[in-house]
Structures are given as C-alpha cells and as structure tokens.
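Everything on this sheet refers to the single structure shown next.
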Amino acid sequence: MAEPHPQPPAHWSGSEPRQVVAPDGSLVGALPDDLDTTALRELYRWMVVARRLDRECIALQRQGELTVYPGHEGQEAAQVGSAWALGRDDFVWPTFRELPVALIRGVDAVQYLQYHRGTWHGGPYDPRATHFGPICIPIATQVAHAAGYALGRQLDASDDVTIAYFGDGATSEGDFHEAANLAGVRRLPLVLFCQNNGWAISVPTASQTAGEIWRRAEGYGFPGVRVDGNDVLAVYEVTREAVARARAGDGPTLIEALTYRIGAHSTADDAGRYRADPDVEAARAFDPIPRFRTWLVGAGHADDAFVAACDEEAETFALTVREGVVATPGPPAEWAFDWVYAEPPATFERMRDEALATERR
Amino acid sequence: MAEPHPQPPAHWSGSEPRQVVAPDGSLVGALPDDLDTTALRELYRWMVVARRLDRECIALQRQGELTVYPGHEGQEAAQVGSAWALGRDDFVWPTFRELPVALIRGVDAVQYLQYHRGTWHGGPYDPRATHFGPICIPIATQVAHAAGYALGRQLDASDDVTIAYFGDGATSEGDFHEAANLAGVRRLPLVLFCQNNGWAISVPTASQTAGEIWRRAEGYGFPGVRVDGNDVLAVYEVTREAVARARAGDGPTLIEALTYRIGAHSTADDAGRYRADPDVEAARAFDPIPRFRTWLVGAGHADDAFVAACDEEAETFALTVREGVVATPGPPAEWAFDWVYAEPPATFERMRDEALATERR
Amino acid sequence: MTEWTLSRALNEALRHALRADGRVLVFGEDVGVSGGVFRVTDGLQAEFGDTRVFDTPISEAAIVGSAVGLAFAGWRPVIELQFDAFSYPAFEQIVDHVAKMRMRTRGRVDMPITIRIPSFGGIKGKEHHGESPETYYAHTAGLKVVVPSNPQDGYALLQHAIRDPDPVVVLEPKARYWTKGHVDLTADEREIGRGRVIRDGRDVTLVAYGSMVARITEAAAQLADAGIDARVVDLRSLSPLPDDLLRACAEQTGRIVVVHEAPRHAGFGAEIAARTMELAFDSLAAPIARVTGWDAPYPPASLEDGYLPSVDRIVAVTKETVAY
Amino acid sequence: MTEWTLSRALNEALRHALRADGRVLVFGEDVGVSGGVFRVTDGLQAEFGDTRVFDTPISEAAIVGSAVGLAFAGWRPVIELQFDAFSYPAFEQIVDHVAKMRMRTRGRVDMPITIRIPSFGGIKGKEHHGESPETYYAHTAGLKVVVPSNPQDGYALLQHAIRDPDPVVVLEPKARYWTKGHVDLTADEREIGRGRVIRDGRDVTLVAYGSMVARITEAAAQLADAGIDARVVDLRSLSPLPDDLLRACAEQTGRIVVVHEAPRHAGFGAEIAARTMELAFDSLAAPIARVTGWDAPYPPASLEDGYLPSVDRIVAVTKETVAY
Ligand SMILES: Cc1ncc(C[n+]2csc(CCOP(=O)(O)OP(=O)(O)O)c2C)c(N)n1
Ligand SMILES: Cc1ncc(C[n+]2csc(CCOP(=O)(O)OP(=O)(O)O)c2C)c(N)n1
Ligand SMILES: [Mg+2]
Ligand SMILES: [Mg+2]
C-alpha cells in the first residue's frame, strides 16, 4: 500500500480529528466494542464493492448509459462507517453522492442509478421501504427535510433517528443553518453528517468557510465532532455515539468527517482546471481502503483470500448492476403526468390527454 | 431609581456578558479610555432624547399620524453605545428598530419617520449622505447587504467599517448565516451587532435558538462577544474594539448585546397575549438610563441640572419632530413611478401616463 | 348559519381540522400562544397543545422544508408564512420540493401540505406586507392555489385544502380578515377548482379573486345604475383554473374584465385572458380587459389607493369594454 | 464578423465589460479559476485578477444580497446563479431588494446589477437544471428580463445589461451555449426592449425566445413547404415587452402562435397573448395559440423530448391556427 504522505490535504488542518486506525494502518484509538470480525469484514467488503461500482458507473457514463454521474471515490469510509451505525428504521436524507450509503440501506443499485440514467427524478426506489430519502440536488435543502422528518418521529414518540448527509459546500447555505438551528431548538433526534471532501466543485473548503465546520454546532446548542473521515472505524464510532445520543432524546450532533474527493466533481467536471494532480496523488496516500485492509489483515480479522473474495464479489456485482442498468428501458410517456397529483384536477387531466395524444401523433 | 431586580431576564442567563457599569450604577469594569466628560454626557443625552421620542412616536401612532410603529424602549444603551463607536464614514445597515442609531448618524427624524407615516418605503433620507442604509423589514436580509457593502469598501482599499444591526430572531434566518459566513471567508470589515432583546414578536429567545448567539462566531472563524446591552459604556467599548479590528483589516466580529424589549413588538402588537407584566417590570429594573445616570452623577460627570436639561431638550425635540411629522403631506401620485427605473422603458412610461391620467379623472 | 369574520372562519376551519384529524399540525411564526398576527390561530395552542400547534424560529425555508419531512413522516402540516413577501425566503423549498416531491417518489409519498399566506394589499401596511404572490405560485406546476374572498369560502376552502392530499397554497386577503359574513358550517361541496357566480348579468363579466371581489361587486352595482348588466365572478381557485366557467361567461356575455391587485405584466389576469380566448374566441365581442396594480413595486400606504384597482377604474374600463 | 458559440460570445461580452469599466465585478459559484460550469467566465480571473472575478461560497441569497450592498458602494456586480432552480434560494433578495431598492432610495442609489442565470431545458440534464424561471422574474416590477437566443444577441444583450443602470436578469439558454453564430462586434444598437423579426411572413407569426427560436425557425421552414408563410419573431426582451412589434405582427398576419418551454398555466405566453389581444383585437383572425411545456414538473431526461414543444407540435398547432 502507499506510504502515508506526510502532508494531509489542506482542509484537514486545524483541530485533531478522532481517529482509530492511522493512515499507515496502525491502531491509534480504542476499537468500537460492538464490532466482531464479521462486522469488520463487512465494513471492508462494502467499501470495496462501492469503490468498484463507482468505477463502473463512470464507465457507464462514458458509454452513454448514464447522464452526468457524481463519483464517491475516496469517501467510502465516511459513508460506510456512518451508514453502518444506523438502525433499520433510522432514516437517511442523502445528497447526490451517497451511493455507498444507499447500498447499505438496501436500495437496489439499478433502481438508484435510474436517477443518473435520466429515467427518473428523485430515484425510483421506495424511500419509505428503504428509509433512504430521494436523491437531492439543491444543496442543503434536504437538511431541512431531515429536520422535519426527525420532528415527525419525535412527535410520534418514536426513538428512530434521522441522519442528513451533506457536503462542506452545503454548510454555506441558509437551509443548512435554519435546519440545524431548528434541530437545536427542538432537540431533534438528528445526526448532521458533513463529508468535508475539500471541494465544492472547484471551490476549496478554505474559500467556503473560515471556520471549522464541526465548531458550528456549539452555536446551535449541541455537540460537534471532527473525525478522520477516511478511517472507517472512527467514523463508525462517532456516528454510533451521535445516534445513541439522538435515540436517548439528547438531541442532534454535527459530525465533520474529513475526507477527500479523489475524482472530479462529476463526469461533467474537468478537475484539472482547478486543482493539481500532485495534491490528488498526495490525498491517495490517505485512501480509506488500503488503510483499513492493512489493519484488518494485520489484526488477523481477514486474510488475502478474503481480500481477493471481496474484489471478486465487487467485480461480479458491478457487472450485474451494469447489465441491469443497460437493460432498463426509458419510461413511458404517461409517467410525466402519473404522479404529479394524488387528486389530479380536470384541467390537468385534459392537458395530459392532449400531451399523450400529441406523443402518439 | 429602581433597585436592580435579583432576576435578570431569562435570555441573559449563560455566559457572563462584558460589563462596565452594573445595574445598580456601580463601576465594575474598566472605563473606556477615550470618553471625556462631554462624550459621557452625550451618551446620556442621546439615550434620553431617543427614549422621549419613542414615547412621542407611539402617541403619534395612536393619533393616526403614523402607521404601525416599532418602539425601542429599553434598547437605548445598545444602540447609542454602538453607534457612538462608529466613524463618520462607517456605514450602518439597520432593521426597523434603530431610530436611536439613526439620530446619532444625523438622519433627520422627521424624514426617518416618513417610513412609519407610510409616505415612503425605505426612508426618504439619503443613505449615502447619512451612511445609514434604508430601513429594512425582511428579517436578516440587510446583513447580506451589509456584507456586500463591506466587501465593496474592502475592494476599494478603504478602511471604512460597516455595521449591521439585527435582532435575536434574525439569527435564525438563512440570510444571516450566509452573510456571516461570507464575512468570515473574506475577512470583511464588518461588525455584526445583534440586539438580543429577548423577543421576536411573541417568540422568546429560548424558542429561537438553543445556543448562545455570540458563540455562532467561532463557527465562522471570527470572534464573538457577549455584552450587557443595557450598559452603554460596555456596549461602546466592545463595539469600539470590533470597529478597530475591522478597520485594521482583522475581519468581522459578532456582538451579542443582551437587552430587553420593554414595549410591545410594535403598536400593532398586544404583548399581554404572550408575556407577563411582572417579567417586564423585572426587566425595567435593568433599564439602561437610570443605571447610567446613577454612575454619571455619582462620578461627578453630571449634576441634576444637566439631567433636567436633557429631559427638557428631549421634550422640545420630541415636540418639534411631532410638528414636522404632522405637517408632512402625502406624496404626489407620480412618486409611485418616478424612481422605479433609472432608464424607464417606454412601456413603463405609457403605463405611468395611464395611471396618472386615471388619478386625475 | 353563523356570522363570522374571515379571520374567525379560518380559525374555526383550523380548529375543525385539528379535531377531525390527529395528524394535522399547525405551525409557523407567532402562531402559538400569540395566535397569529391576524388571530387566525387564536386559541388553537391552548386547545390542542404545543405539539400540535407551535411556533418556529424565523426560518421560512426550514418551516416549509420541515413540512416536507413531516409529510414523509405521515403528518399533515398546515403552515403559516406570516406575510406574502415573507414566503419568498421559502420559494426554493416550495417550488423545488413541495410542488415536485410526490412525483419524485412516484406517488409513494403524498405532500398534503397547506401553506397559508396572508396576502395582497389594501391595509395601508408597510412595504413587503402588500404583495400579490399568486402568479409565482399559480405558475408552479404541482401546486394548487386558492383565494377565499369571504368567510364562507375561507371556512370551506381551508378545510378542503387541509384535506387535499396535494400541496395547496391558500392566499388569504388581509384586507378581508375583519369583514363579517354568514358561514354555513354544513356546506361541504368539493370546492377547489370551482369559481362562483356572485351576481348574474348579460352584458359583461367581471372576474376577480380576494379583496377585489368586493370591488367588482360594487362596480357591478354602479354599472347597473348606468344600465349595464354585469355578471360578477369570484374565481376562488387560480390553480386549477375554473376554465369551464370562464368559457361559459365568454359565451354568455361576450365581454370580460379581469381585476387583480398584482402588477399587470405577466400577472394572473394574463392567464385568464389567454385561456378564455383559447376557449371562446368567437364569442368575444371585445378584448378581455385587465384592471390591475401598476407595473411598479407596491407603493407606500399613502399611494396605495392610486395603485389598487378602484371601483372607478373598474367601472370606467368596463364601460369602454361594453362600448367596444 | 467572428464566429463564436453563445458561451464564447457571453464570455467576450464579460471580458469587454471588465475592460471597459473598472467597477464591474464578476462573481458567483465556480466562476473563478474553473471558468464556470458552462465556461462563460473562462479565463476572466486569470486576466482580471481575483478581486474583479471571484468565487463565492454556495450562498445564493448572499450572492444577490451582497450585490445590493456592492451597488451601494458604487460597484457594478455581474453575478452568476449556476442554474435556473438555484436562483430560487435568492428569490427574496431579487424580488424584495434588487427590484425595489432604487425606488426605496428615491433614485439616490442605482442597482446596476446583472443577474446571469443559465436557464431552460433541452440538455438532458438532471432535475432542477431544466427550469424556465422567466415568468417569476418578468412579473416582478423593477426588473428587466432578457433572453438571448444566439451569439450575436448574447454578446450585445449582456453588454447592454451590464451597462444598464437598472437590474437586468439575463436568462441564458443552456441548450444554445455551444451553438456557433456570427458576431458583429461593432453592432451596438440599444437592444433591451426590442424584439427581432428573424424571418418575414404574411400568414401567421411564430413568437418565441431562447432555445425555442431555433424550433420556430425550423417550423417556419416546414410550414413554407406546406405553403404557409410564417413570420418568425425572437422576442429577446420579456420585460420590457416589445409590444409594438407584437401589435404590428397581429395587424399584419392576424394569427399568432407563442412558443415557450415553461408550463402553459400562467406562463409568459399568457402575457404575450393577453397583451396582443389588448393591442390588436380587431386584427386577430384566430385565437392566439400557445405551444408550451406541460403543466407538470420538468421531467427526467428520457421524457424531455415529449415535454418540450417539438417542431411537429409547433407545425401542427400553427396549421390549426391558420386553418381557424
Ligand atoms: C442551491 C444550489 N446551488 C448550487 C448548486 C450547484 N452545485 C451542485 S454540487 C455543488 C457543490 C456542492 O459541494 P459540497 O456541498 O461540498 O458537496 P460535494 O459535491 O463536495 O459532495 C454545487 C455548487 C446546487 N446543486 N444547488
Ligand atoms: C423574512 C421575514 N419573516 C418574517 C417577518 C415578520 N417579522 C417582523 S419583525 C419579526 C420579529 C423579529 O425579531 P428580532 O429579529 O428579534 O427583532 P426585534 O423585533 O426583536 O427587534 C418578524 C418575525 C419579517 N419581517 N421578515
Ligand atoms: Mg465537498
Ligand atoms: Mg428580538
């Protein structure tokens, strides 16, 4: 594996993040006490599977099978570690970059990718069944939805927890602020999970905010924590703590997971215009997957056979998903109208008929 | 004067605010080193003048000479102390409750009150000449204007400082957040001055946010300070420090001034519906004016004659303003069109002519 | 039959909804203990408790955004945005999410959200308190938009809006809050999407909504003295548009005058005119006329009367239309 | 005469403005080193430095709000809101402040703010990347709204917008960014408020703006084969509306078909229809027809073609209008 580069990405500077496994794979913190070998291997497996699928999606886009696709390479630990800390009925409000989280929530990858295939908005999976909300593009707006959902569960006296994912750039939006403040006032069972991957398209975190994101929490009256987002065990641990607090009725937590966007913002983006390859190479030295593998194998939780098996499974899975995606037909014309209203007005139905008649013409 | 009530208003709890003169009039902090007797007397005079004018405005509203009027009773120290710390070319972005600040900036009171008389929007005074921006009602939106103005002065390499006034409720708005974050990123010469008067119409600060407002600053990467907003000298001192930092190019400061809205939200509001009189009475024990008078006289900076003179001046001033207000006629019909565009399109002018013709019909 | 103000009728509609459906929530700025700037939520928190009726921070985007999340959690949010212009900070949440979310989930999640917005002018209010936002919302596909002009409609439309599984924007005319009228508590026709003929007439049809309904009614009375028999239509629903009624009016009176407070340019009157022309071009004996606010920002209180369509203006334009 | 794409023409217009006026600032999300999602600001930061051309945090309300403050400080802000739907978080700042501030200051402070918004659909983009926001802005008094459909207009209109002392919203049709066209750098007529007749015709007038101009042009060609002589009008300015041109078209062709991507209900086509009827009712031989997007949210890429007005739909409706 690559030697950890002496210089971590610029946006990791400042307060020390929580860490369990160092970039070189050595154990530097307390292991989560509730993860047995099976669980530890699962964490690794999911990261590998997600990484491989990401590559496949980029290929699919290049081949015209997907429209613009936003990759997650480098952010697997932040997503797998946090998703693993959630209960079955806990609800996830994602952005557009949480494919790994979606997989762990049991969202069908082929269905999920319909969003990027351009056959449906929001994602055609059932958000209620998967407890994974619709993909959300308007930055930070889903945080407000998450706060409302958390409020709804709280009013139902349920102990379900809600988690909102968002990026460093999202913390600059008014919606993030209003939702976070509301969460504080109502002590909502909400985890605010920020993947600070250093970039908002071409804008580095330093140009996004002058403060440390996790420190925002204090102003809202709840705790914030900074974690090494490329350390899957540390991410799992801080998220588990935040989920426990929320479930116990102790309110929200803001988690800033320091990670790095290895790929371009999306397949439509040319990162070469705004960042230097050496920086990206440097960041690769902090890649979450080899780091965790080193520890996992070193600690005897896995061997080369397991590692190979994961790669193999990832390969097969990626190809199965590819087949599924390529096979999905475009939606029928009616779908542009079918679900706009639960009670469609007569004027709307007349226009739908006009539209469908035109289509057939 | 009233004995300080043992219990300060609920929203004052938590971190200790900066204080120079205690509620009982005793000196508990270092005096600002740049205020001579004349200046100290000015601070007192302005508070008395502003308080008396507030009463007059409420009377004017009751008599139908003003439309809805938002009073500032109890907030004189927060406004006079902070305004006194500004230089002539520093620019103020107010809400709708900064009449005392306006007076100190040299805004003509009769012109200012045209806003509340319903004869003009924004206020007919010249914001550039007075360095006092238009009255702003959409909560927190002026903070973004202030950030932009501060950026403009910074780009001009000027050392002018910009100050934005806003309330506790305003800190819940997305615009406050976006503007504060922008100020941090660009290290803008901006002072964010929050008058936490305990109420946003009927909503107490505790239902507005679970954190302490001044603590928001750290998340934006600049200092925050909490001050006794009913202590004119403490307010002057912290604002002077913030202004100095801004002028020196060291960026923004967030000031939370703890004060209390003694009156109703506005003349249209019946505060009896949501708060108990005893609480208001208790808050009166922290009234900024008697407190400062006690110290001022006790320290020998003023005597009863001066105090009486201030009351007299305030009386005369209030009556002069009343005469001016009552005397102002409604605007001519053309004013509804005269300044909409610097280059009015032909279609607009045709409609204006149609409108004015109709008026004359 | 009871005699209520519009404010009271809306208040009773909310009370009824809160009683009838335990999933209904009422929230917004100052809707709790204070009972709302216009008293529309008066007494509701006392009766239903602060889990059903509560104040929010001053965060319009979060008020609307949280309503979306609450709908996912199976609640039925009825939110108040305090004044017309203060719905704009929530515009993104309303347009991008409230209006589109049901479609995005392929109908798996309904958005039974009611957005109450005290709207329009005529109360000599401060700036940003007299805006007419109807076109912004009516043009947004996925929303339904209604405007009650009297206590009876307020009582009925608000209840229907709350019961509706789709998002409904209810624009409440501030200038009518304190006007009393009879309310038949038993009336329960399916209201949304239907306009109402308030006064029949053969020569011309006056169409309006909200506060302007009172003015066209008064104008019709004056026109009657001048020998012009004007039909008066309260549109009540801007989206969906009661276009059968508009067609019928065009066919039966041949002449139509539309009145609204909003600026004329790209205002809702344009849709009424364009749609009616599409439906009944051959019946039109004169161009459909628009009597509206001017294409300028809503003016200060002192200039309000010159800005809003006056009865005189309505009468004058109607006479021209009839004489055309 | 040079051959540029619309993106390049807009880029050159910005470059020209930055050179000509030292008070011009260009800012927004990703407009700096990256040169903008559509390359419209490509190379500007390198040439003019990061005090003139700079990136902002993802804060649309603060981008627009700070432009208002910058105008008070004597600057001339040209801001980019990255996509149509992402202008909505700034809606309150645009409507309540940008549009009204000059009037509020009694003309003491101009608002020479240019708001560039890559808009409209047709690029098989993701949701919120194909919205048509023109009606929201055109209905807002105090704003001017223009839509270039080709490189020449892009170059001219954007420069005029920047020089204009009033706020101008420039809606740039994404689908046309990469289309090349001749640009006459010397052309400098006062553009804002004037439409253009692209093709003359006697039988009917097709009116559109943005990407739809290419479609009505193609439709006109097909109609010619069918023996229908269609005039093609590029509106270019939605506010102010070139209504003299509309009147002339109605008088000269008697038939008008309006085309836009936005939903029909309360869309901008309604204003074109209503206004034209007011100005030339007696000349109309048929109802003014609207060929538009459907009254549903903008669909996913796969359904885009069925949503946008196709040449076929335009031709079919035009034939009906001519046959009326
Ligand atoms: C309201 C809004 N403004 C702008 C955009 C355009 N946009 C899409 S992704 C993005 C950057 C987001 O950065 P960040 O929040 O850090 O998330 P990341 O892309 O790094 O995962 C921007 C500006 C948007 N989608 N929504
Ligand atoms: C965007 C917006 N939402 C709502 C309102 C209605 N409103 C006027 S004043 C006010 C309370 C403001 O409270 P605060 O910021 O504490 O200022 P204060 O009134 O105490 O001076 C509200 C909600 C508004 N003016 N603007
Ligand atoms: Mg990021
Ligand atoms: Mg307050």
Side-chain angles (χ1 to χ4, degrees), chain A residues 67-68 70 96 114-122 135-141 167-176 200-204 207-209 265-266 268-271 273-275 329-333 335-341 345 347-348 351-352 354-356 358-359 361, chain D residues 28-39 42-43 45 50 54-63 65 82-83 85-86 88-90 92-93 123-130 263-265 291-307 309-310 312-313 316-317:
Chain A
T67 65
V68 182
F96 43 80
Q114 294 311 309
Y115 188 86
H116 298 305
R117 188 165 170 79
T119 58
W120 202 250
H121 285 336
I135 289 170
C136 185
I137 278 191
I139 301 301
T141 57
D168 41 287
T171 64
S172 299
E173 288 281 13
D175 283 33
F176 160 76
I201 306 186
S202 70
V203 178
S207 309
Q208 197 64 241
T209 183
H265 171 71
S266 78
D269 176 45
D270 169 12
R273 299 176 62 92
Y274 54 81
R275 69 181 186 184
W335 286 18
F337 302 90
D338 283 354
W339 299 291
V340 176
Y341 295 102
T347 49
F348 177 82
M351 182 179 274
R352 181 198 57 209
E354 176 192 340
L356 299 179
T358 322
E359 289 279 298
R361 255 212 302 252
Chain D
E29 295 158 12
D30 305 289
V31 300
V33 57
S34 111
V37 173
F38 293 102
R39 304 279 167 265
D42 195 16
Q45 186 175 70
D50 61 9
F54 52 88
D55 290 326
T56 64
I58 308 178
S59 310
E60 289 79 14
I63 290 170
Q82 206 161 59
F83 283 91
F86 310 145
Y88 303 155
E92 191 280 336
Q93 285 286 353
I123 58 166
K124 301 265 191 278
K126 296 241 192 290
E127 57 181 343
H128 312 299
H129 293 69
R264 183 186 306 166
H265 190 61
V291 184
T292 68
W294 308 115
D295 290 342
Y298 196 84
S302 314
L303 295 170
E304 192 176 73
D305 296 339
Y307 182 87
S310 64
D312 287 357
R313 262 171 75 195
V317 172

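Just so it is clear, the values below take in all heavy atoms, side chains as well, and ignore hydrogens, waters and symmetry mates. Numbered from 1 within each chain, the chains take letters A, B, ... in sequence-line order. Here the structure is a predicted model, which is why all the values come from computation and not from measurement.
- Considering OG of D:S59 and CD1 of A:I139, their distance stands at 11.0 Å, rounded to 0.5 Å.
- D:S302 places no side-chain N or O within donor-acceptor distance of the main-chain N or O of A:G330, the cut-off being under 3.5 Å.
- Taken from OG in D:S34 to CG in A:D269, the straight-line distance is 7.0 Å, to the nearest 0.5 Å.
- When heavy atoms are compared at a cutoff of 4.5 Å, D:D55 approaches chain A solely by way of its side chain, counted from C-beta outward.
- D:H129 touches chain A through its side chain: at least one heavy atom from C-beta onward sits under 4.5 Å away, while N, CA, C and O do not.
- Contacts between A:Y115 and chain D at a heavy-atom distance below 4.5 Å involve backbone atoms as well as side-chain atoms.
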Verdict with supporting geometry, A:M351 and D:R264, side-chain contact (heavy atoms from CB on, under 4.5 Å): CA-CA 10 Å; A:M351 182 179 274; D:R264 183 186 306 166; 3.8 Å; yes
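- A salt bridge links D:D42 with A:R273: the closest approach of a Lys/Arg side-chain nitrogen to an acidic carboxylate oxygen falls below 4.0 angstrom.
- A pairwise comparison of heavy atoms in D:I58 and A:A200 identifies CD1-CB, 3.8 Å as the closest pair.
- Heavy atoms of A:I201 lying under 4.5 Å from chain D belong to its backbone as well as its side chain.
- When A:H265, A:E354, A:H121 are compared by the number of non-hydrogen pairs under 4.5 Å with chain D, A:H121 comes out ahead.
- In this structure, chain D has a heavy atom under 4.5 Å from the side chain of A:V340, while its backbone stays farther away.
- Interface residue D:Q82: only side-chain heavy atoms are found under 4.5 Å from chain A.
- Here the CH2-CZ distance, from D:W294 to A:F348, works out to 11.5 Å after rounding to the nearest 0.5 Å.
- With a 4.5 angstrom heavy-atom cutoff, D:Y298 touches chain A only via backbone atoms.
- With a 4.5 angstrom heavy-atom cutoff, D:E60 touches chain A via backbone and side-chain atoms both.
- With chain A as partner, the option from D:V33, D:T56, D:V37, D:L303 having the largest number of non-hydrogen pairs under 4.5 angstrom is D:L303.
- In this structure, NE2 on D:H128 lies 6.5 Å from CD1 on A:I137, to the nearest 0.5 angstrom.
- Residues D:P300 and A:T119 have side chains not in contact (no heavy-atom distance under 4.5 Å, counting atoms from C-beta outward).
- Here the closest heavy-atom approach between residue D:R39 and residue A:D270 is recorded as NH2-CB, 4.4 Å.
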Could you go step by step and tell me if D:K126 and A:H116 meet the side chain to side chain donor-acceptor pair (under 3.5 Å) rule? CA-CA 8 Å; D:K126 296 241 192 290; A:H116 298 305; 3.2 Å; yes
